[in-house]
Amino acid sequence: MDLSLMNKEQKEAIQHTEGPLLIMAGAGSGKTRVLTHRIAYLLAEKGVPPYNVLAITFTNKAAREMKDRVHALIPNADDAHKIWISTFHSMCVRILRRDISHLGYENSFSILDPTDQNSVVKSILKNRNLDTKQHHPRKILSYISDKKNQLIDPAEAMSESVGFSDGLYSEIYKDYQEILYRNSSLDFDDLIMLTIELFKKEPQVLEYYQNRFQYIHVDEYQDTNQAQYELVSLLSQKYRNICVVGDSDQSIYKFRGANIENILNFEDDYPDAKVIFLEQNYRSTKTILDAANAVIGNNTSRKPKDLRTVRQGGKKIKTILADSERAEGQEILRHVMDLSSKYSYSDMAVLYRANSQSRAVEDAFVKGSVPYKMIGGMKFYSRMEIKDLMSYLKVIQNPHDDISFERIINTPKRGIGLKTVEKLLNYGSVNELSMYDAIKEADFIGIPKGAIVTLMKLEDMIENLRKKSKFLSVTELVDEVLEDTGYISVLEKEDTLESRSRIENLEEFKTVTREFDNDNDVSDELLFNFLSDMALVSDQDSVEADSGVTLMTMHASKGLEFKVIFVVGLEEGIFPSQRVMFDEDELEEERRLMYVALTRAEDQLILSRADSRMIYGKIESNVESRFLKEIPTELIDGGVVEIDSKKAQNPFAKRGGRTHRRTPTVLTDNSGVTFKVGDKVAHKKFGDGIISNIKGEGDSKELDIIFTKEGPKRLLANFAPLEKKE
DNA sequence: CTGGCTAATCTTTTT
DNA sequence: GATTAGCCAG
């Protein structure tokens with residue numbers, strides 16, 4: 001095994017295979033490389049069988065990447081396949097599918113997504129005659145999640161509750177858990193909690209996995225919560241070959257239960273632990289690291305470390321001060337265009353604190369015709385039409401899934417109202433029947449004749465689809481569902497911008513099913529396996545290798561790297577966010593987020609803020625973020641702001657006589673062209689159109705153009721790739 | 001029961 | 001400002 005390209009600490013980490021090991025890996029220190037090589041080393045040099053190795057990550061993406069990289073290092077593909085490399089959640093699903101019956105759940109349990117959870121809580125509130133305004137479902141759900149992450153069951157929560165609302169929440173928690181149990185449904189937190197419960201209740205099951213996983217790796221250990229910590233401890237108890245990797249300075253998920261103490265106390269948990277520091281950064285220039293180190297140095301509760309880089313010097317950090325968030329977007333656009341002579345779009349990323357901030361940047365990019373891809377934000381899988389379709393599939397798989405059935409019982413509209421649903425639910429809960437079975441006895445419940453006929457038809461249809469599901473591919477089944485239910489025809493009839501986009505999304509969904517169909521043969525289990533897979537997929541995973549500037553939250557950027565990083569909205573109240581400004585602990589977490597953002601950059605950092613911006617429809621003014629002030633001034637390109645905003649009037653103006661910049665072909669400079677209303681134009685991407693309106697002056701002059709094919713768009717006159725016709 | 005209106009809430013971050 | 005939930009009239 002060739003380790004000659006590794007530094008001393010990396011080699012040490014790879015070769016220290018026995019006993020507990022803590023790797024404190026600074027940003028950009030090559031920790032994934034170390035982990036993958038360590039796994040390969042275990043197999044190749046230590047003769048460890050592949051099925052004895054486990055590696056746990058947080059995201060599917062990280063798991064996939066690690067798998068790919070391990071496979072590349074291991075000659076035998078079959079061996080590589082036997083290594084468990086998965087997320088906490090999918091690992092637990094695998095374990096529970098096998099043995100959850102010990103806890104009374106069906107092995108075919110379904111997994112709830114946040115929307116489902118929300119409707120469960122709402123129905124509980126309704127049953128208890130409680131107002132959703134007084135008791136926010138979100139708050140209750142985060143209470144429940146909190147308890148589960150701490151492995152506190154409803155009974156315990158109840159007994160230790162203090163005060164009225166705490167007591168009430170614990171009772172709702174109890175209801176919630178009972179409903180899930182009756183539906184054989186698990187939420188994300190259950191996956192972890194119930195695995196632990198299973199291990200504790202059935203020691204032989206735990207022992208099986210302890211023997212199986214003799215070498216355990218946990219990535220991003222600083223992000224583990226109490227339950228995950230417990231799970232890892234249980235699994236590693238017997239062989240104690242536990243290797244955890246993390247960086248306490250990059251702990252940014254406290255809000256969802258991550259406990260930074262887990263990594264800080266590792267040496268207390270395992271007094272014989274070997275600790276290795278990876279402090280050699282291979283990613284960023286010295287300027288960038290100096291800035292990041294200076295910022296994070298303001299955190300008091302941390303273990304100081306000394307992150308170094310081989311990349312001396314580097315471009316100074318640019319700052320942007322814009323008037324408004326709109327102007328900020330335009331400034332970003334200018335810089336992106338400017339830099340696109342040297343970098344490709346996919347080398348650049350724009351990071352923000354909250355998804356809502358993407359808007360202004362997107363607008364600017366659209367108008368300037370800069371390609372971009374957004375991570376997160378408007379989530380594909382939480383779109384109505386996708387959720388409806390998934391609910392149909394879930395009901396076909398398991399008609400007793402009340403949560404999904406309730407969603408589709410009147411979708412598309414078939415005249416089943418709230419009253420009927422309520423009656424079915426009530427009758428069902430009294431007689432311990434699912435809604436689906438309750439329909440069969442609808443005559444006794446006092447449901448109108450017409451509704452009964454409709455419901456019978458619905459059941460017929462579902463039964464039919466279910467039969468078909470046994471011999472159709474998922475894609476074919478989806479087509480049948482959309483057809484038989486009339487879902488598509490309703491959308492087609494509607495024929496609005498919105499309905500057309502919904503149809504497009506459903507088509508897009510079929511690319512997902514096709515992919516699945518390619519890897520899986522038609523069988524009785526096909527639909528079940530598909531649904532099980534889908535439950536753990538998130539929008540975060542679909543980071544394609546497409547070209548284009550990446551737009552995402554700073555949270556989503558963890559683990560990634562780009563040549564050029566823009567951080568926008570560096571204002572007090574935005575970042576750090578208003579709600580954490582007066583809590584020292586949370587402020588430190590926010591500062592770690594800044595640290596994560598800065599350390600994503602390889603070559604160049606551009607930090608921006610706006611004098612005022614629109615928040616909740618009101619214009620508000622915020623002062624410079626403290627994080628910006630924490631960067632030593634000598635690292636910042638001082639004169640740039642003024643000079644650049646003048647020069648940037650025309651991004652193609654020669655700068656200071658230097659002519660080394662090559663004009664990228666995709667970009668256009670229309671500043672010499674006069675457009676008037678009624679002019680016919682041709683756009684590189686959108687095709688032919690006619691100018692319907694013009695407003696603004698100079699670089700912010702905008703054209704409203706009605707395109708023959710693509711409809712109306714608003715574009716920046718000077719930058720859009722337009723050609724005047726005739 | 002449906003569709004349209006008003007009001008409230010939203011902006012943290014996610015498996 | 002925009003989406004969404006809840007309310008009310010038809």
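The figures here come from the full heavy-atom set of this structure, side chains too, leaving out hydrogens, waters and symmetry mates. In what follows, chains are A, B, ... by sequence order, proteins preceding strands, each numbered from 1.
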Can you measure [X] atom [atom1] to [N] atom [atom2] for me and round it to whole angstrom units?
X: D189(A); N: dT15(B); atom1: CG; atom2: C1'; value: 9 Å
X: L351(A); N: dT13(B); atom1: CG; atom2: C1'; value: 13 Å
X: D223(A); N: dT15(B); atom1: CG; atom2: C1'; value: 11 Å
X: I574(A); N: dT11(B); atom1: CD1; atom2: C1'; value: 9 Å
X: N149(A); N: dT15(B); atom1: CG; atom2: C1'; value: 11 Å
X: E571(A); N: dT11(B); atom1: CD; atom2: C1'; value: 14 Å
X: D190(A); N: dT15(B); atom1: CG; atom2: C1'; value: 13 Å
X: I111(A); N: dT14(B); atom1: CD1; atom2: C1'; value: 15 Å

Counting only side-chain nitrogens and oxygens, does [X] get under 4.0 Å of the OP1 or OP2 atom of [N]?
X: S145(A); N: dT14(B); answer: no
X: R138(A); N: dT11(B); answer: yes
X: N225(A); N: dT15(B); answer: no
X: T553(A); N: dT14(B); answer: yes

Query raised in the report: Can you give one letter per nucleotide of nucleotides 1-10 of chain C, going 5' to 3': B for a protein heavy atom under 4.0 Å from the base, S for sugar-phosphate only, - for none?
Result: BS--SS----

With a non-hydrogen cut-off below 4.0 angstrom, is [X] in contact with a base, only sugar-phosphate, or nothing?
X: I416(A); result: sugar-phosphate
X: F58(A); result: sugar-phosphate
X: F88(A); result: nothing
X: I615(A); result: nothing

Query raised in the report: Does Y253(A) have R256(A) sitting over its ring (NZ/CZ under 6.0 Å from centre, angle to axis within 45°)?
Result: yes

Query - Over-ring placement of R591(A) relative to F627(A), 6.0 Å and 45° cut-offs - result: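 Relative to the ring axis of F627(A), which defines the angle, R591(A) lies outside at least one limit.
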
Query raised in the report: Considering residues, nucleotides and ligands other than R359(A), do more than 12 of their heavy atoms fall under 6.0 Å from its CZ?
Result: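 No - once you tally the heavy atoms of other residues, nucleotides and ligands closer than 6.0 Å, there are 12 at most.
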
Requested in this report: Can you label the angle between the Y209(A) ring and the W84(A) ring as parallel, tilted or perpendicular, going by 30° and 60°?
Outcome: tilted

Report task. Using the six-membered ring wherever Trp is involved, compare the ring planes of Y229(A) and Y221(A) and label them parallel, tilted or perpendicular (cut-offs 30° and 60°). Result -> tilted

Query - Sole candidate of L180(A), L141(A), I111(A), D113(A) that passes side chain to side chain contact (heavy atoms under 4.5 Å, CB included) when paired with D187(A) - result: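 Single side chain to side chain contact (heavy atoms under 4.5 Å, CB included) partner of D187(A) among L180(A), L141(A), I111(A), D113(A): L180(A).
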
Counting only side-chain heavy atoms from C-beta out, which of [options] sits nearest to [X]?
X: K413(A); options: dC1(B), dT11(B), dT2(B); result: dT2(B)
X: H555(A); options: dT13(B), dG3(B), dT15(B); result: dT13(B)
X: T420(A); options: dC1(B), dT15(B), dT13(B); result: dC1(B)
X: N410(A); options: dT15(B), dT2(B), dC1(B); result: dT2(B)
X: T87(A); options: dT14(B), dT15(B), dC1(B); result: dT15(B)

Query raised in the report: Want to settle it: does Q117(A) or R579(A) sit nearer the 5' end of DNA chain B, counting the closest nucleotide to each?
Result: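 Per heavy-atom nearest nucleotide, the more 5' residue is R579(A).
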
**Report entry** E571(A) side chain to D611(A) backbone, donor-acceptor under 3.5 Å
**Finding:** no

Query raised in the report: Rounding to the closest angstrom, what is the interatomic distance between dT11(B) and dG6(C) at atom C1'?
Result: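 Roughly 22 Å separates the two C1' atoms.
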
Query raised in the report: Are the aromatic rings of H555(A) and F255(A) close, with centres under 6.0 Å apart?
Result: yes

